[in-house]
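We count ligands from 1, going down the list as the structure has it; atoms in each ligand are counted the same way.
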Amino acid sequence: MMPAVTKKPFSEFEALLQSQRTQLLGELREKISASGEGLGFANQSKFTDDDAVADAAAEMDVALVIRESRDLQEIEAALARIVEGSYGVCTDCEGEISRPRLKAYPMAARCLTCQEIFERTHGQAHKVRL
Ligand SMILES: [Zn+2]
């Protein structure tokens with residue numbers, strides 16, 4: 001059980017995450033509408049010769065959107081942890097995540113040590129093939 005807190009200990013990070021979330025949502029919206037226009041989804045059947053080119057462009061856009069969505073997912077998860085009271089605690093070793101690390105990377109779910117291990121063991125899964 002977490003002790004009851006009268007004031008949020010992570011309100012500065014919450015504000016930071018909220019503003020990053022707003023910014024990211026705006027960028028995602030722009031990218032999706034830009035890629036939709038660029039590819040001319042409505043007129044795609046007219047450009048069958050360029051399918052390979054269009055597909056490659058679509059894949060790059062999708063990869064970009066997916067990567068940014070993962071950031072968004074991490075931000076959402078971090079905001080949820082603030083609400084739950086588990087923010088700032090490493091999900092792997094349950095140790096405290098240092099404040100300098102949170103300041104540099106407010107959506108951090110792991111301490112630096114566990115993050116390095118995670119990236120070494122799960123790094124491949126995060127690479128997007130183009
Ligand atoms: Zn850890």
Problem set entry | Heavy-atom side-chain contact between Arg110 and Ile97 under 4.5 Å | no
Exercise. If Ile, Leu, Val, Met, Phe, Trp and Tyr residues are connected whenever their side-chain heavy atoms lie under 4.5 Å apart, and connections chain through other members, are Ile75 and Leu28 in the same group?
Worked result: yes
Distance, nearest 0.5 Å, that separates [atom1] of [X] from [atom2] of [Y]:
| X | Y | atom1 | atom2 | answer |
| --- | --- | --- | --- | --- |
| Phe13 | Met107 | CZ | CE | 13.0 Å |
| Gln115 | Tyr105 | CD | OH | 6.5 Å |
| Arg21 | Glu74 | CZ | CD | 14.5 Å |

Exercise. When you check the space around the Zn ion (ligand 1), which protein N, O or S atoms turn up under 2.8 Å?
Worked result: Cys90 SG, Cys93 SG, Cys111 SG, Cys114 SG
Exercise. Among all residues two or more places apart in sequence or in another chain, which pass the side-chain contact (heavy atoms from CB on, under 4.5 Å) test with Gln23?
Worked result: Glu27
